[in-house]
Amino acid sequence: MSSKDKEFSIVIIPDTQVLAWKQPTIFQNMTKWIKDHTEEMNLQMVLHVGDVVDSGARDEEQFKVAEKALEEIYNANIPILMAAGNHDYDNLLSKDRSLTMFNHYFGVHRYHNRTWFGGTFEEEQIENSYATLEIGGRKFLFLSLEFGPRDEVLAWADDILTKHSDHTAIIITHCYMYMYGERTKKGDQHNPKDYPGAAGANDGEDQWHKSFKKHSNVLAVFSGHQITENVSYRTDLGEKGNLVFQSFQNW
């Protein structure tokens with residue numbers, strides 16, 4: 001029996017923005033702990049739900065702090081996907097969806113020669129990307145979507161989910177679940193639709209009804225973003241009868 005046939009772990013990292021800004025040592029210790037316990041946990045994938053940094057392109061030093069910490073994972077060849085949070089966008093979505101700095105530090109170049117990396121929605125833009133892994137004889141699809149994914153991104157996600165219908169799918173996006181076991185919807189604070197630069201944004205309710213519930217292979221959706229509560233989750237049946245776990249976390 002190989003190590004991948006045993007119980008395995010997936011690590012979910014919520015918003016690290018304050019760590020990159022004020023607590024670089026904690027950020028470094030966290031990723032080093034993940035690397036050091038990889039074998040013990042039989043770790044197969046790390047998923048960061050976004051807001052890697054706090055200040056977008058206004059403070060490149062935060063990206064350098066995050067890069068140094070995340071290199072513990074990159075250099076250990078542990079599969080990782082990262083969603084882009086609103087604080088990761090160059091102008092914090094005050095004007096548009098520019099992610100130049102994020103792609104410079106955490107972009108497609110990080111995935112060259114990674115056989116598990118599947119591809120992106122837009123060439124050389126990492127914010128909508130996917131990966132596939134076989135773990136314990138079971139095929140998995142990991143799908144990372146931009147903040148408030150646009151209709152065209154959800155259509156791309158539908159295509160990826162359909163083409164990999166024999167893979168169990170886990171999705172990350174920065175804003176999906178709200179607090180108190182609800183998906184983000186009209187009237188909720190920090191709804192993606194409230195950001196001037198996030199043109200065409202879909203909130204959690206939109207994403208569920210337009211895309212996620214339609215696919216029998218979707219197992220879970222993870223997101224961060226919200227404050228002041230720390231965790232919220234729910235389960236719903238998709239249209240094909242599959243149980244979908246949906247979770248928000250932001251420590």
Side-chain angles (χ1 to χ4, degrees), residues 13-17 20-21 47-60 62-64 66-67 70 80-111 117-131 142-161 171-178 183-186 188-212 221-227 248 250:
I13 302 178
D15 311 38
T16 50
Q17 58 192 94
W21 176 27
L47 300 171
H48 195 310
V49 298
D51 277 359
V52 180
V53 301
D54 190 65
S55 304
R58 294 181 298 188
D59 187 356
E60 188 172 1
Q62 293 177 24
F63 282 93
K64 293 178 180 179
E67 177 187 47
L70 290 165
I80 179 172
L81 282 185
M82 299 200 300
N86 53 298
H87 284 267
D88 298 320
Y89 286 81
D90 292 340
N91 54 65
L92 309 185
L93 295 168
S94 64
K95 297 178 181 178
D96 57 32
R97 289 179 177 269
S98 299
L99 268 172
T100 305
M101 191 79 73
F102 188 85
N103 276 286
H104 174 74
Y105 281 92
F106 311 120
V108 176
H109 62 281
R110 293 283 183 182
Y111 300 95
F117 186 69
T120 61
F121 169 61
E122 295 172 287
E123 189 175 356
E124 298 302 318
Q125 296 292 116
I126 198 62
E127 56 267 31
N128 296 295
S129 58
Y130 73 97
F142 299 93
L143 185 60
S144 177
L145 302 179
E146 66 188 13
F147 179 76
R150 297 159 287 170
D151 284 349
E152 54 266 40
V153 171
L154 291 180
W156 172 79
D158 284 338
D159 184 56
I160 297 298
L161 288 162
I171 301 169
I172 57 170
T173 187
H174 185 58
C175 181
Y176 174 78
M177 280 292 288
Y178 194 56
R183 288 182 288 266
T184 53
K185 61 188 181 306
K186 184 178 179 180
D188 289 341
Q189 289 186 333
H190 311 299
N191 188 303
K193 298 179 181 181
D194 295 336
Y195 292 76
N202 284 293
D203 59 24
E205 278 291 293
D206 296 329
Q207 294 170 57
W208 172 253
H209 290 290
K210 289 184 178 182
S211 176
F212 302 164
V221 185
F222 293 97
S223 61
H225 183 56
Q226 299 297 338
I227 53 174
F248 144 72
N250 185 359

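Throughout, numbering of the chain's residues begins at 1 and tracks the sequence. Note that these values count all heavy atoms, side chains included, but never hydrogens, waters or copies made by symmetry.
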To the closest 0.5 Å, what do you measure between [atom1] ([X]) and [atom2] ([Y])?
X	Y	atom1	atom2	value
Arg110	Phe117	CZ	CZ	13.0 Å
His190	Asn86	NE2	CG	8.5 Å
Tyr176	Phe222	OH	CZ	11.5 Å
Asp194	Leu93	CG	CG	11.5 Å
Asp90	Asp96	CG	CG	7.5 Å
Leu99	Asn91	CG	CG	9.0 Å

**Message:** Using a 6.0 Å cut-off, check whether atom NZ of Lys95 has over 12 heavy atoms from anything other than its own residue.
**Reply:**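 Incorrect, the count does not exceed 12.
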**Request:** Start with the C-alpha distance between Ile80 and Ile13, add both sets of side-chain angles, then the distance that settles side-chain contact (heavy atoms from CB on, under 4.5 Å), and finish with yes or no.
**Result:** CA-CA 10 Å; Ile80 179 172; Ile13 302 178; 5.6 Å; no
**Prompt:** Who pairs with Asp151 by salt bridge (Lys or Arg N to Asp or Glu O under 4.0 Å), at least two apart in sequence or on another chain?
**Reply:** Lys210
**Item:** Sequence-distant partners of Glu60, salt bridge (Lys or Arg N to Asp or Glu O under 4.0 Å), two or more places apart
**Value:** none
Where [X] and [Y] come nearest, the two heavy atoms and their spacing:
X	Y	value
Ala198	Pro192	CB-O, 3.7 Å
Asn103	Glu127	ND2-OE1, 3.1 Å
Ser129	Leu81	OG-CD2, 3.8 Å
Leu154	Ser211	O-OG, 4.1 Å
Thr184	Asp188	CA-OD2, 3.4 Å

**Request:** Apply side chain to side chain donor-acceptor pair (under 3.5 Å) to Asp88 and Gln17, showing your working.
**Result:** CA-CA 9 Å; Asp88 298 320; Gln17 58 192 94; over 6 Å; no
**Message:** Are Tyr89 and Tyr195 an aromatic pair, judged by ring center distance below 6.0 Å?
**Reply:** no
With the side chain counted from C-beta on, respond yes when [X] and [Y] share a heavy-atom pair under 4.5 Å apart, and no when they do not.
X	Y	value
Pro149	Gln207	yes
Tyr111	Ile126	yes
Ile171	Leu145	yes
Arg58	Leu92	yes
Arg150	Phe121	yes
Gln189	Tyr178	yes
Asp206	Lys193	yes
Met177	Gln226	no

**Message:** With salt bridge (Lys or Arg N to Asp or Glu O under 4.0 Å) as the test, pick out the partner of Glu205 among Lys186, Lys185, Arg183.
**Reply:**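 The option that passes is Arg183.
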**Prompt:** Can we say Arg97 and Glu122 salt-bridge, meaning some charged N sits less than 4.0 Å from an Asp/Glu carboxylate O?
**Reply:**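 So Arg97 does not pair with Glu122 through a salt bridge.
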**Prompt:** Could you walk me through whether Thr120 and Gln125 pass the side-chain contact (heavy atoms from CB on, under 4.5 Å) check?
**Reply:** CA-CA 7 Å; Thr120 61; Gln125 296 292 116; 5.7 Å; no
**Item:** Verdict with supporting geometry, Leu70 and Met82, side-chain contact (heavy atoms from CB on, under 4.5 Å)
**Value:** CA-CA 11 Å; Leu70 290 165; Met82 299 200 300; 3.6 Å; yes
**Message:** Between Asn250 and Gly224 (side chain of the first, backbone of the second, donor and acceptor by atom type, cut-off under 3.5 Å), is there such a pair?
**Reply:** no
**Asked** Should Tyr105 and Lys64 be marked as a side-chain contact (heavy atoms from CB on, under 4.5 Å) after you check the CA-CA gap, both sets of side-chain angles, and the distance that decides it?
**Response** CA-CA 8 Å; Tyr105 281 92; Lys64 293 178 180 179; 3.5 Å; yes
**Message:** Once you measure the plane-to-plane angle for His174 and Phe147, does it fall in the parallel (<30°), tilted (30-60°) or perpendicular (>60°) bin?
**Reply:** tilted
